[in-house]
Asker: 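Before anything else, here's the structure in question.
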Amino acid sequence: MSALLEVKGLGVRYDAPRILPFAARHGVDAVLDVSFDILAGSTFALVGESGSGKSTLGRAVMGLAPFRAGQIKIAGAAMPSGGDASLVLWRRQMAMMFQDAIASLSPRLTVRSLVTEPFDIHGFRQGLRARDREAECRRLLALVGLPADFAERYPHQLSGGQARRVGVARALALSPRLIIADEPTAGLDVSVQGEILNLLRRLQDELGLTYLLISHNLAVVRHVSDRMAIMYMGRFVEMGDTAEIYADPAHPYTHGLLAAQPEIDPDKRREDVELMGEVPSLAARPSGCEFHTRCPRAQPLCTEQAPDDRNIGQRVARCHFPLVS
Ligand code: SF4
């Protein structure tokens with residue numbers, strides 16, 4: 001299998017508001033020096049607390065958050081610079097499923113318009129003729145397991161799970177190769193979450209899709225991803241095979257996140273390692289290891305020197321004193 005998506009040294013910086021102290025006015029780094037590949041047909045998950053930069057990274061891959069450093073390639077082709085037609089064509093290879101299933105659907109449009117709108121937005125054959133639009137709508141609704149008569153409905157007439165299916169159909173409209181799924185099960189009942197995850201898995205098998213999954217739900221990540229990265233203050237602190245990381249986390253932050261998850265099997269319950277305090281402000285990054293203000297294993301070295309990426313088997317962890325060597 002070859003890499004469908006390649007990200008090298010990506011950095012995203014937002015302009016800072018003028019009310020910030022002078023030292024912070026150069027901007028706020030939401031994503032810093034991030035590199036990863038996603039193999040075609042596989043699922044890669046981004047995990048982290050709110051504000052860790054995972055959604056910004058997903059948006060940057062889509063070209064929706066301007067990045068100041070790094071390179072993004074899809075199927076070996078680098079993102080074209082400038083906003084011309086080549087960028088539109090390049091971007092057509094991927095699609096994004098946004099977080100809030102119902103809010104992300106325009107309330108004034110029918111399901112038919114919603115799922116076929118991407119053809120209009122991308123100037124595809126100057127939009128679709130009415131007969132083609134009907135055929136595309138039926139095809140897309142069938143793909144996501146919705147009856148054809150749902151085409152007449154409006155978003156307020158859909159349940160959360162049905163709205164999420166419409167969001168998936170809309171993402172599939174232009175036959176992308178990569179889907180960026182931002183919190184695909186947020187706000188859904190557990191049983192409906194399972195249905196949506198099974199749908200995504202089935203579509204991956206049938207259409208050979210590649211997923212970049214963004215989630216703070218570790219149970220979902222464990223269920224569906226092949227590889228994962230844990231983000232803290234815009235950096236990857238651990239990256240590797242999902243099963244390996246769940247079995248034996250190397251970074252204290254990963255360990256803390258996993259320990260905070262309810263574990264159904266008491267034999268697998270982890271030693272309780274509570275994450276202390278809050279995530280510091282991105283405008284005032286701590287010295288040395290940026291996690292030292294919350295880390296139960298912090299040593300004097302951690303406050304003085306930033307750790308480098310350390311290879312641990314097939315994994316990479318950014319820590320002076322990892323839990324696995
Ligand atoms: Fe904790 Fe030190 Fe490792 Fe940072 S480098 S995660 S502070 S042990």
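Indexing begins at 1, ligand by ligand and atom by atom, following the structure's order. What's counted below: heavy atoms across the whole structure, side chains too, no hydrogens, waters or symmetry copies.
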Asker: Is there side-chain contact between T185 and L197, with heavy atoms separated by less than 4.5 Å?
Answerer: yes
Asker: Hey, would you say the Y211 and F44 ring centroids sit under 6.0 Å apart?
Answerer: no
Asker: Run the ring-centre check on H251 versus Y232 and record whether the distance is less than 6.0 Å.
Answerer: no
Asker: Could you tabulate the donor-acceptor pairs under 3.5 Å formed by side-chain atoms of residues 318-325, not counting sequence neighbours?
Answerer:
residue, atom, partner, partner atom, Å
R318, NH1, D309, OD1, 3.2
H320, NE2, Q305, O, 2.7

Asker: Are the side chains of I179 and L209 in contact, using a 4.5 Å heavy-atom criterion?
Answerer: yes
Asker: Flag the pair R139 and E134 as a salt bridge only when some basic side-chain nitrogen lies within less than 4.0 angstrom of an acidic carboxylate oxygen.
Answerer: no
Asker: What's the count of protein N, O or S atoms under 2.8 Å from atom 1 (Fe) of ligand 1?
Answerer: 1
